[in-house]
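Fair warning: this is a prediction, and the values are worked out from it, not measured in the lab. Lettering follows sequence order; numbering is per chain, from 1.
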Amino acid sequence: MEEVRVRFAPSPSGEVHIGNARTALFCWLFARNRGGSFILRIEDTDVGRNREAGEVPILEGLAWLGMDWDEGPDRGGPWEPYRQSERLELYRQHGRRLLAEGKGYPCFCSPEELAARRAGAQREGRSSGYDRRCRDLAESERQRLRAEGRPHALRLRAPLEGETVVQDIVRGEVRFLHAELDDFVLVRSDGRPTYNFACVVDDHLMRITHVIRGEEHLSNTPKQLLLYEAFGYEPPRFAHLPMILALDRTKLSKRHGATSLQQYRDLGYLPEALVNYLALLGWSHPEGKEVFDLQEAIAHFSLERISRSPSVYDDRKIEWLNGHYLRSLPAAELARRALPFMRAAGYDPQPPDRLAKLVAAVQDRVKLLGELPDALAYFFRDDFHYDEEGYRKYLARPGAAELLERSREALSSLPEQDFTVENTEAVYRRLAESMGIRAAELIHPTRLALTGRTVGPGLFDIMALLGKEATLARLGRCAAGLRRD
RNA sequence: GGCCCAAUAGUCUAGAGGCCUAGGACGCCGCCCUCUCAAGGCGGUAGCACGGGUUCGAAUCCCGUUUGGGCCA
């Protein structure tokens, strides 16, 4: 069986859009499932913002998600170079060939003329495609215009009748009438190739067997097929993935919040959660599993299970998944991943292994790494405010100060090294019993005194983590404050 | 505007003519656990866009409408 070769061809915009990440993932999963090659190609022929700098975040983003590639701009390969900007000579050669064989022709219309004619055509309700006026220019006329130094583009001499049928792996047969297609531009007058042209030349030269890309390229496919035919090349197989939409069913864009890999990373999403979620958008596990790792996805991936309808990106579900993966991490590993977030918030845990213990206390209470600094804030500072409602409910009442004082006193009998979860709890249970009240009546005011909050880890976990000194100090401070008011 | 694609609960999806009284997941609601909040367990809510066909039988096939999306830009 022929070796499968799949490419992912992003433009170096500096970040990886979530939809592109999904496309890359599906390409990669397919290649790996079939024991084929995954190739990275940078489509940087749009002059301007597209510089090499924009390419680095893309490579980093894919690697962060756990993907690797066999050929690419950073590591070369048998069909290099892997940047379109470095392949211009190849496009030129191919352009010349079509011209020589009469399958392409020079078009001397300027962009301004074309725009004006298109507007006119649309106003009169005619087809807005190119009117082919340069298609049959006499050779002498071409010579003359060329001699004048008139800039010209290269257009395909497309068939006027008939149809092109795209055999799409996910959509089946899709037919396009040639009458609807026009003599599209292959090479612009400044020498830059168009998307369709460069794509065909590269995919053929790089021996790509499967083109897996977003649905927005389905309409480009017949044009590319026409090009393969003009060159006499065998076309690859095509698979067009459904779009990813925002909740309002429009294209996912900046205004919908985070849309790039790096934004998700900065928010504290785990790559394993992101990649798992992405695998679920437009594809489903044959056994209906929803939580699985990359190895599992590779083992079961197939293009046949890709759905045809667009999917809406759901923040809730990926958050849940992220929480799931967060909870399954060993505390030390979670601490390692949390550290940059803690430092960014100005919290530097000392000694370093203390963070693992802290993080374990809130591990199933957060969904994102980015929530950890706040969830753990009171372990790093004692200048917090008391939650207003909690204050009213548990502290602003007669006897509250005394309650805290008696708690403090009871705890003070514990030696520093015995200030454990079990011992502090035993002390509290005993105290409550001797006072003839429920332990909860001690616990709630204490949590507020120690953390300023009404929610959080179990109180005795907090005490043990805080240590005797801080615990007693906060209890005393809170009681004193209540006495003053 | 032309062409193309799509349509199962709020969302992701299973479903390839009888296995469907439409299955799973997120969310939401309730209960249990419990010092709070989570997590976890249990239960519940909610869907085949509409209209015509084809067929003994349609979520599934065909046509149209509607709606969304894409490409030409």
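- Using a 4.0 Å cutoff on non-hydrogen atoms, the parts of residues 280-294 of chain A near RNA chain B are A:L280, A:L281, A:G282, A:S284, A:E290, ordered by number.
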Full working for ring pair (Phe, Tyr, Trp, His ring centres under 6.0 Å) between A:Y313 and A:Y277:
CA-CA 10 Å; A:Y313 191 88; A:Y277 180 69; 5.2 Å; yes
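- Counting any heavy atom pair closer than 4.0 Å across all strands shown, A:T446 reaches no nucleic acid atom.
- Within 4.0 Å (heavy atoms only), A:Y428 reaches no atom of the nucleic acid at all.
- Side-chain contact between A:Y195 and A:T45: absent, with no pair of heavy atoms (C-beta onward) separated by less than 4.5 Å.
- Taking atom CG of residue A:D387 and atom P of nucleotide B:C35, one finds them 21 Å apart after rounding to whole Å.
- Between the P atoms of B:A9 and B:G51, the separation comes to 16 Å (whole Å).
- Here the closest heavy-atom approach between residue A:L278 and residue A:L25 is recorded as CB-CD2, 3.8 Å.
- Nucleotides B:G17 and B:G10 are separated by 27 Å at their P atoms, to the nearest Å.
- Of the N and O atoms on the side chains of A:N276 and A:Y325, at least one donor lies less than 3.5 Å from an acceptor on the other residue.
- Looking at heavy-atom distances under 4.0 Å, A:R438 makes no contact with the nucleic acid at all.
- Here the C1' atom of nucleotide B:C71 and the CZ atom of A:F184 are 13 Å apart, to the nearest Å.
- When the C1' atom is used for both B:A25 and B:A46, the distance is 14 Å, rounded to whole Å.
- The listed nucleotides are B:C5, B:C26, B:C12; the one nearest the side chain of A:V312 is B:C12.
- Across the P atoms, B:A22 and B:U45 are found 12 Å apart, a figure rounded to whole Å.
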Are A:R237 and A:D168 close enough, and set up right, to give a side-chain contact (heavy atoms from CB on, under 4.5 Å), and what steps lead you there?
CA-CA 7 Å; A:R237 308 258 283 134; A:D168 191 272; over 6 Å; no
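- Looking only at side-chain heavy atoms (C-beta outward), A:V211 and A:H217 stay at 4.5 Å or farther from each other.
- Atom C1' of nucleotide B:C4 and atom CD of A:E163 are separated by 13 Å, given to the nearest angstrom.
- Side-chain proximity of A:R171 to B:C5, B:G10, B:C35: nearest is B:C5.
- Atom CG in A:L431 sits roughly 16 Å away from atom P in B:C35 (whole-Å rounding).
- Taking 4.0 angstrom as the limit, A:R429 places a side-chain polar atom (N or O) nearer than this to OP1 or OP2 of B:C35.
- A:H94 and A:F231 have their aromatic ring centers within a separation under 6.0 angstrom.
- Comparing A:E216 and A:S309, the nucleotide of RNA chain B nearest to each residue sits closer to the 5' end for A:S309.
- Under the Watson-Crick and G-U wobble criteria, each requiring two contacts below 3.5 Å, nucleotide B:C31 is paired to B:G41.
- Taking the P atom of each, B:C4 and B:G24 are spaced 39 Å apart, rounded to whole Å.
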Could you walk me through whether A:D131 and A:R133 pass the salt bridge (Lys or Arg N to Asp or Glu O under 4.0 Å) test, one step at a time?
CA-CA 6 Å; A:D131 61 10; A:R133 71 172 60 185; 3.2 Å; yes
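- Between A:H285 and A:F292, the ring planes lie tilted relative to each other; the angle falls in the 30° to 60° range.
- Spacing between B:A38 and B:G27 at atom P, rounded to whole Å, works out to 12 Å.
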Got a list of protein N/O to nucleotides 31-33 of chain B N/O distances below 3.5 Å?
none

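- Rounded to whole Å, atom C1' of B:G68 lies 11 Å from atom CD of A:E215.
- Rounded to an integer number of Å, the gap from A:I306 CD1 to B:C12 P is 16 Å.
- Counted by atom type alone, A:T221 and A:Q224 present zero donor-acceptor pairs between their side chains at under 3.5 Å.
- If you measure from atom CD of A:E441 to atom P of B:C35, you get 13 Å, rounded to the nearest angstrom.
- Other residues, nucleotides and ligands contribute only 12 or fewer heavy atoms inside 6.0 Å of the CZ atom of A:R308.
- Within the shown strands, B:C50 is the pairing partner of B:G64 under the Watson-Crick or G-U definition, both distances less than 3.5 Å.
- Of the C1' atoms belonging to B:U65 and B:G57, the separation is 26 Å, rounded to the nearest Å.
- Remark: B:A22 base-pairs with no nucleotide in the shown strands. Criterion, Watson-Crick or G-U wobble with two distances under 3.5 Å.
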Generate the contact string for nucleotides 36-47 of chain B. Rules: B means base contact, S means sugar-phosphate contact only, - means no protein heavy atom under 4.0 Å.
BBBSS-------
Output, in order, the C-alpha distance, side-chain angles, deciding distance and verdict of side-chain hydrogen bond (donor to acceptor under 3.5 Å, both in side chains) for A:H240 and A:R213.
CA-CA 5 Å; A:H240 288 93; A:R213 68 219 316 189; 3.2 Å; yes
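- The side chain of A:V174 sits closest to B:C4 out of B:C28, B:C4, B:C71.
- For A:D182 and B:C72, the CG to P distance is 11 Å, given to the nearest whole Å.
- Rounded to whole Å, the C1' atom of B:G69 lies 42 Å from the corresponding atom of B:C31.
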Walk me through it: do A:F8 and A:W28 pass the test ring pair (Phe, Tyr, Trp, His ring centres under 6.0 Å)?
CA-CA 8 Å; A:F8 173 59; A:W28 183 81; over 10 Å; no
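- If A:L245 and A:F176 are placed on RNA chain B by their nearest nucleotide, the residue sitting closer to the 5' end is A:F176.
- Phosphate contact (OP1/OP2 of B:C3, side-chain N/O of A:S219, threshold under 4.0 Å): absent.
- In summary, the aromatic rings of A:F341 and A:Y347 are positioned with their centroids too far apart to meet the 6.0 Å limit.
- Pair check for B:A9 finds none; no Watson-Crick or G-U wobble contact set falls under 3.5 Å.
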